[in-house]
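Written out below as C-alpha cells is the structure these notes cover.
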Amino acid sequence: MAFLLYGDIMNTIYLYYLKHGHGITIQKAAELLIAKQKVRNGLPQQPDFSKWDTTNLTQLKELSYNLGFSVDEIHKVETDYAPQSKIRTYHLRNRVQISTETEYNTDEYVSLPYITVIYILKGKADFFTEEESMVLHEGDLLILPEHLPFRLFVTKDDIALNIVTGKDLFQQNFTGLLSDNAVLSDFFHRALFETNPEILRFYLPISEEILDIIRHLFIEFTMQKDFYIDVFLNYLQIFYAEIFRNGDAQPKHISRKDTSRVNLVSSLLMYIQANYRTVTLQELAEQFHYTPAYLSRLIHSETKMTLNELKTQLKMKTAKDLLHNTALTIEQISELSGYNSADHFTHIFKKETGIAPSLYRKQHVSSGLSN
C-alpha cells in the first residue's frame, strides 16, 4: 500500500511556498511527492494522540505530521473548482473531522458543506472571506456556516485547529445545549442556518481542560473504533459547552472592531445570560462601549423584548427550575432568582405565570422530592 505522511505533504507545500511565494493544495503536493518517488510503502501506523502531553503544543503538531494517508485516499477527495472566483469546494468522506490547519495555504477560497470550527492554539492566523479579513490570535475561535468561502493562512510557527461537522450533527449538539434558553437558541439558529448566515466569533481561553478535550477528539477521529462518531460528538458537545462557559465569563475579549453585528449580539446575549440577576443598560454600555439607547434598541430588535423583560424571563426560568427540583424555601429561591424581596418575587411570579410560587411547586414538584 502506498501512503504519504502529513508531515511530508506540509514540508512539500512549505518548500514550494519558499520558491514560488504561494502555496499549493494537498493534492498537488501529493502529486509532486509521487513524481519524486517519495511515497512510503506499507500500512500507515496512525500516531497515538493519547500520549500527547498537552503542555507541549509542538508535540501536537509532531503527532499530526505523523498521520498517514493512502495515496488512493488523497486522490479520492472530491473537489469542485471555480477558476473565476478561486473557490474550491471539498467533499470530505467523514461527517466529523478534526485536524491541524494546512500551512501556507493557496490563495484559493475553500468552501465546505459542513459547519466549520476554527480555533487558534498558538501564534496567529490570517482569515479571509470574499467580503472581509481579520487577524486571529491565540484563543480566538470562529464558527463558520456551511458553504461559506474562506481562506486561512498559517505558518510553521502557528497552530490552528479545524473541526468540521455535518449540519445535522452540529444542530443536535450545539443548539441542544441552548434548549433551556430560548433567547440564545433562537439567535444562534438564525445566525448559522437562515438565508444569510453569519460568522460567529468567540474568545475561548486555552486551558488544560480544553486541550484534554481536543486530545480525546483526535484519539477518536484517528483510531475510529466502534461508535467513534458518537464518542467524538460527546466530546465535541463538551467543547461547545466550554465556549459558552468561558464566553460568559469574558465576553469583553471578543473583538467587535473587525466583526459583524451578529458577534456583538452574541456577546451581548451571553453577558446578559451570565449576569441577568443584576445587569443594567448602563453596565452593558460600559462593558461593550455603546450607548444605552443603542443597546436597548439592539436587544429589542433581536429578542422582541426589552432588557427588563428579558431579565424577567431568565429569572422566571431559574425560579421554575428551583421550585421544580429543590426543597429550597420561597425566600431562598427569591434571592437566587435575583429578587431582594420574597413578596416582590411572588408578585412578579404570579403576574408572569398566573399562579403563586407555592402552588406552582405543588403542581410541578418532582415525585422524588421531599417536602
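The first residue of the sequence shown is numbered 1, and numbering continues consecutively from there. Only this structure's heavy atoms are used, side chains among them; waters, hydrogens and symmetry mates stay out.
Centroid-to-centroid, the aromatic rings of Y271 and F288 come within less than 6.0 Å.
Side chain of S341 to backbone of D343: a donor-acceptor contact under 3.5 angstrom is found. The main-chain N or O of I299 is found under 3.5 Å from a side-chain atom of T303 such that the two form a donor-acceptor pair. A donor-acceptor contact shorter than 3.5 Å is absent between the side chain of D212 and the backbone of E208.
Between R40 and D8, at least one side-chain nitrogen of the basic residue sits less than 4.0 Å from a carboxylate oxygen of the acidic one, meeting the salt-bridge criterion. Between E103 and K61 there is a salt bridge, with a side-chain nitrogen of the basic residue lying less than 4.0 Å from a carboxylate oxygen of the acidic one. With salt bridges taken as basic N to acidic carboxylate O contacts below 4.0 Å, one links D168 and R95. Between D107 and K86, at least one side-chain nitrogen of the basic residue sits less than 4.0 Å from a carboxylate oxygen of the acidic one, meeting the salt-bridge criterion.
Inspection of the Y339 and H344 side chains reveals no N or O donor paired with an N or O acceptor under 3.5 Å. In this structure, a donor-acceptor pair under 3.5 Å is present between the side chains of T318 and Y276. Side-chain atoms of T55 and D53 form a donor-acceptor pair, as typed in the model, at a separation below 3.5 Å. No side-chain donor-acceptor contact under 3.5 Å links T306 and N308.
Within 6.0 Å of atom CZ in R151, more than 12 heavy atoms from other residues, nucleotides or ligands are found, so the atom counts as buried in its surroundings. The neighbour count for E335 CD, taken as heavy atoms of other residues, nucleotides or ligands under 6.0 Å away, does not exceed 12. Atom NZ of K156 sits in a crowded spot, with more than 12 heavy atoms from other residues, nucleotides or ligands closer than 6.0 Å. Within 6.0 Å of atom CE in M1, more than 12 heavy atoms from other residues, nucleotides or ligands are found, so the atom counts as buried in its surroundings.
Between atom CG of residue L359 and atom OG1 of residue T353 there is a gap of 8.5 Å, rounded to the nearest 0.5 Å. To the nearest 0.5 Å, the span separating CG on L233 from CG on L169 amounts to 5.0 Å. Interatomic distance, CD1 of I98 versus CZ of F221, reported as 9.0 Å (0.5 Å rounding). Here E101 contributes atom CD and L152 contributes atom CG; the two are 4.5 Å apart, rounded to the nearest 0.5 Å. If you take CG on D158 and CD1 on I120, they are separated by 8.0 Å, rounding to the nearest 0.5 Å. To the nearest 0.5 Å, atom NZ of residue K225 and atom CD of residue E220 are 8.0 Å apart.
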Going through the checks in order, is the side chain to side chain contact (heavy atoms under 4.5 Å, CB included) test met by I118 and L161? CA-CA 6 Å; I118 292 171; L161 289 186; over 6 Å; no
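Here the closest heavy-atom approach between residue T165 and residue Y240 is recorded as OG1-OH, 3.7 Å.
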